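Have a look at the structure below before the remarks.
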Amino acid sequence: MAISAVSATTLREAPPPRRQRLLEDERWLAFVLLVPTIVLLGMFIAYPFIRGILLSVTSSRVGMPGDFVGLANFYKIFNDGIFRTSVYNTFVYTGVTTVFKLALGLWLAMLLNRNFRGKAFTRAFILLPFIIPTVLSTFAWKWMFDPTFSVLNWLLYHFGLITGRINWLGDPDLAMISIIIVNIWRGVPFFAISLLAGLQTISPELNEAAAVDGAKPWQRFWHITWPLLLPVTMVVVLFSVIQTFADFQIVYVMTGGGPANATHLFATYAYQIGIGTGLLSEGAAISLAMFPVLFLVVIIQLLYIRRVEVR
Amino acid sequence: MIEGAIWRKWVFFYVPMALFLLFLLFPFYWMVITSVRPDGELYRPWNSINYNPFWTWKPTWDHVRYLFEETLFASWLWNTTFIALASTAISLVCGVFAGYALSRLNFPFAGSLGTAIFITYLVPQTLLFIPLAEIIRNYRLGDTPWSLILTYPTFLIPFCTWLMMGYFKAVPRELEECARIDGASRWQAMLYIVIPVAIPGILSAGIFAFTLSWNEFIYALVFLSSPAQKTVSVGVTSELIRGDVFYWGPLMAGALLGSIPVAIAYSFFVEHYVAGLTGSVKG
């Protein structure tokens, strides 16, 4: 589809052929340039999305097309205790981790915004949790939380904080806390680096002027830094909410949804039903149940970006 | 820096910074130390006496050797590299073309198409993996690298496109118009004038796309089934755990070795990377 560089140069001397003249037209060129993207996104996003909706109103299993059953799958999952737990878990997981990621990320960004020795080095290193493949780093956490060989238990024991072992991933509440900790750990660098970039666009003179006028550090933060940082913060938070809400990897590795289905999220439960037990249509319905929330966040994101651009 | 007494520096800077670094980096230290620690030391209960879990005097290569001799780890590394490079290449070509069209050409629906591409960036893989698994099977792509090379661009292209739009918008129009007056066609002006100026952007988009595809898990987990076809993340997850038994030494060694390529890719370009990341964040 792409004309090679060589043919484009050799064609310059000869009168341009039709193909060449068409490419001079903006609409045609735009069409040619956008075709590969539209084809790929259409085939692997738009089409699967429609297939997913069609699948969710049938009784398909792996290798069996199934019949139209209307909203029976949705009716079934809304009456399913594990699904309800997953919904609750997903909201708790997203809400709690986002608050912590924002607070810790902002704090870390403020620390990194200072001048200190080894700044570049530190910045490069703190990004590691965000860079390293999530599944692989989550295994390190699973090993740290191991019931028998846990290094965390070792530390807590030697600091005199516990006397017996803690079975981090065996207890429903502790397991939920564990996956929340891992998600915060993974997300803080992303928040920190993005907010740091936002902080660096704020002119230091503003803060200096306020300091001369006698504003205390926290006053300067609330009245200068925070309002100016808000646009970046909004975009980062909304993006992170979407990612966290649809998360799969951390839970899959840490608990697999257990113990006794206590830590499932939408995605892990959809995987267990759709792929694990082969109930494709029910799994598709669980996945799709995420859509209204994601759609809402995307709309807010779009409206917000448009407003920022207009300003 | 911080005004006032030295203790303030400690309380407000050094101590929090040290705690952050400890929290963020400890798991990596734990990965490293586990992958060189002999099994005899590894499996000592956390409350056994005279046991220091943070250091070993008898480092061993056994776990790494196991990984390469007893598992298909080398193939997983190769598969992941090939898939990441191929899907990055596809995404860059599409992203550069689409970014150029959306930022510099006038055509109907340009605005809504840009928005549509932005929305696809926000569609998580976990929303579509079940119908996609069916489609991949119907296309007979299941268990081949192509199932991933063709699907990864769905989350890489939107990112590349938006990043490139930003870069292209920064190229002055006069530059292109001069080339046009000198007799270059539109296509040539794009290829020889505008794209070279945007090379830093292409580079950061490429690195980001590479790390994202190296990271991807759920598509690889669902589309690939035979051990020889797997990527590092999926191979390590499914082949180093037998029932309830975790081979922690090789598992951590595999996690470490599987992380090094992305760590290197990004350490070379960390500044570009941060620029790309924030560019994308600003939308």
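Here is how names work: the chains are called A, B, and so on, in the same order as the sequence lines, proteins then strands, and each is numbered from 1. Source: prediction; values computed, not measured.
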query: Is there side-chain contact between A:Leu33 and B:Leu105, with heavy atoms separated by less than 4.5 Å?
result: yes
field: Among B:Ile157, B:Leu212, B:Ile135, residue most engaged with chain A (heavy-atom pairs, under 4.5 Å)
entry: B:Ile135
- prompt: In terms of ring plane angle, is the pair A:Trp154 and B:Phe54 parallel, tilted or perpendicular, where the classes change at 30° and 60°?
  reply: perpendicular
OH (B:Tyr139) with more than 12 external heavy atoms under 6.0 Å: yes
- line: If one checks every heavy atom of A:Phe239 against chain B at 4.5 Å, the contacting part turns out to be side chain
Side chains of B:Phe118 and A:Leu302 in contact at under 4.5 Å (non-hydrogen atoms): yes
message: Set out, in order, the CA-CA distance, both residues' side-chain angles and the distance that settles side-chain contact (heavy atoms from CB on, under 4.5 Å) for A:Phe49 and B:Val123, then state yes or no.
response: CA-CA 10 Å; A:Phe49 185 70; B:Val123 176; over 6 Å; no
message: Is it the case that over 12 heavy atoms from other parts of the model lie below 6.0 angstrom from the CZ atom of B:Arg137?
response: yes
message: Could you check whether any side-chain heavy atom of B:Leu150 comes within less than 4.5 Å of a side-chain heavy atom of A:Leu40, counting everything from C-beta outward?
response: yes
- request: Return yes when atom CZ of A:Phe31 has more than 12 non-hydrogen atoms of other residues, nucleotides or ligands closer than 6.0 Å, and no otherwise.
  value: no
- prompt: In terms of heavy-atom pairs under 4.5 Å, which option from B:Phe246, B:Tyr100, B:Phe28, B:Trp214 contacts chain A the most?
  reply: B:Phe28
message: Can you confirm whether A:Arg27 sits close enough to B:Asn106 that some side-chain heavy atom of one is under 4.5 Å from a side-chain heavy atom of the other?
response: no
message: Set out, in order, the CA-CA distance, both residues' side-chain angles and the distance that settles side-chain contact (heavy atoms from CB on, under 4.5 Å) for B:Gln125 and A:Phe248, then state yes or no.
response: CA-CA 9 Å; B:Gln125 285 99 284; A:Phe248 174 79; over 6 Å; no
Heavy atoms from other residues, nucleotides or ligands near OH of B:Tyr29 exceed 12 (cutoff 6.0 Å): yes
Top of A:Leu155, A:Thr268, A:Leu294, A:Leu41 for chain B proximity - count of heavy-atom pairs under 4.5 angstrom: A:Leu41
query: For A:Ile38, is it the side chain, the backbone, both or neither that has a heavy atom under 4.5 Å from a heavy atom of chain B?
result: side chain
message: Rounded to the nearest 0.5 Å, what separates atom CZ in B:Phe13 from atom CZ in A:Phe116?
response: 4.5 Å
- request: Decide yes or no for A:Leu112 and B:Met17: does some side-chain heavy atom of the first lie under 4.5 Å from some side-chain heavy atom of the second?
  value: yes
- request: Sort out for me which of B:Thr120, B:Ile260, B:Ile119, B:Leu127 touches chain A most, counting heavy-atom pairs under 4.5 Å.
  value: B:Leu127
task: Would you mind checking which part of A:Phe291 comes under 4.5 Å of any heavy atom in chain B, side chain (CB onward), backbone (N, CA, C, O), both or neither?
output: both
task: Check whether B:Leu256 gets within reach of chain A through its side chain, its backbone, both or neither, counting any heavy atom under 4.5 Å.
output: neither
task: Mind telling me whether B:Phe217 and A:Tyr252 have parallel, tilted or perpendicular rings, with 30° and 60° as the class edges?
output: tilted
task: Name the option with the most non-hydrogen atom pairs under 4.5 Å to chain A; the candidates are B:Leu102, B:Thr154, B:Thr151.
output: B:Thr154
task: Using non-hydrogen atoms and a 4.5 Å limit, figure out which bit of B:Leu122 sits close to chain A: side chain, backbone, both or neither.
output: both
- request: Please look at A:Leu104 and chain B and tell me whether the side chain, the backbone, both or neither of the residue comes under 4.5 angstrom of a heavy atom of that chain.
  value: both
- prompt: Where do A:Trp185 and B:Leu24 come nearest, in terms of heavy atoms and distance?
  reply: NE1-O, 3.0 Å
message: Tell me which of these, B:Thr34, B:Ile241, B:Leu21, has more heavy-atom pairs under 4.5 Å with chain A than the rest.
response: B:Thr34
Most contacts with chain A, counted as non-hydrogen pairs under 4.5 angstrom, among B:Pro108, B:Ser91, B:Pro124: B:Pro108
message: Please classify the contact between B:Val222 and chain A as side chain, backbone, both or neither, with a heavy-atom cut-off of under 4.5 Å.
response: side chain
message: Would you call the rings of B:Phe20 and A:Trp107 parallel, tilted or perpendicular, taking 30° and 60° as the class edges?
response: perpendicular
- request: Could you go through the side-chain contact (heavy atoms from CB on, under 4.5 Å) check for A:Phe130 and B:Thr211 one step at a time?
  value: CA-CA 10 Å; A:Phe130 179 66; B:Thr211 54; over 6 Å; no
Best-contacting candidate, A:Leu288, A:Ile126, A:Ile181, A:Ile45, against chain B by heavy atom pairs under 4.5 angstrom: A:Ile45
Closest non-hydrogen atom pair between B:Tyr266 and A:Leu128, with its separation: OH-N, 4.3 Å
task: For residues B:Leu113 and A:Leu34, report the shortest heavy-atom separation together with the two atoms involved.
output: CD2-CD1, 3.5 Å
- request: Would you mind reporting whether B:Leu240 and A:Phe139 have side-chain heavy atoms less than 4.5 Å apart?
  value: no
field: Heavy-atom pair of closest approach, residues B:Pro131 and A:Leu55
entry: CA-CD2, 4.2 Å
message: Could you report the tightest heavy-atom contact between A:Ser287 and B:Ile130, atom names first, then the distance?
response: OG-CD1, 4.5 Å
- request: Output the distance between atom OH (B:Tyr121) and atom CD1 (A:Ile242), rounded to the nearest 0.5 Å.
  value: 10.0 Å
message: Heavy-atom pairs under 4.5 Å with chain B: which of A:Gly52, A:Pro129, A:Ala289 has the most?
response: A:Pro129
query: What are the two closest non-hydrogen atoms of B:Met31 and A:Ser137, and how far apart are they?
result: CE-CA, 3.7 Å
query: Checking side chain to side chain contact (heavy atoms under 4.5 Å, CB included) against A:Pro133, which of B:Val236, B:Val262, B:Thr231 comes through?
result: B:Val262
- line: Pair count under 4.5 Å, heavy atoms only, with chain B: among A:Gln243, A:Gln301, A:Arg186, highest is A:Gln301
Per-residue contact mode, A:Leu111 against chain B (heavy atom under 4.5 angstrom): both
message: Aromatic contact between B:Trp146 and A:Phe44, with the criterion being ring centroids under 6.0 Å apart: yes or no?
response: no
query: Rounded to the nearest 0.5 Å, how far apart are CE of A:Met290 and OG1 of B:Thr126?
result: 4.0 Å
query: How far apart are the C-alpha atoms of B:Phe129 and A:Tyr271, what are their side-chain angles, what is the distance that settles it, and do they pass the side-chain contact (heavy atoms from CB on, under 4.5 Å) test?
result: CA-CA 9 Å; B:Phe129 71 99; A:Tyr271 175 83; 3.9 Å; yes
field: chain B interface, residue from A:Val297, A:Ile286, A:Leu280, A:Ile53 that has the most non-hydrogen pairs under 4.5 Å
entry: A:Leu280
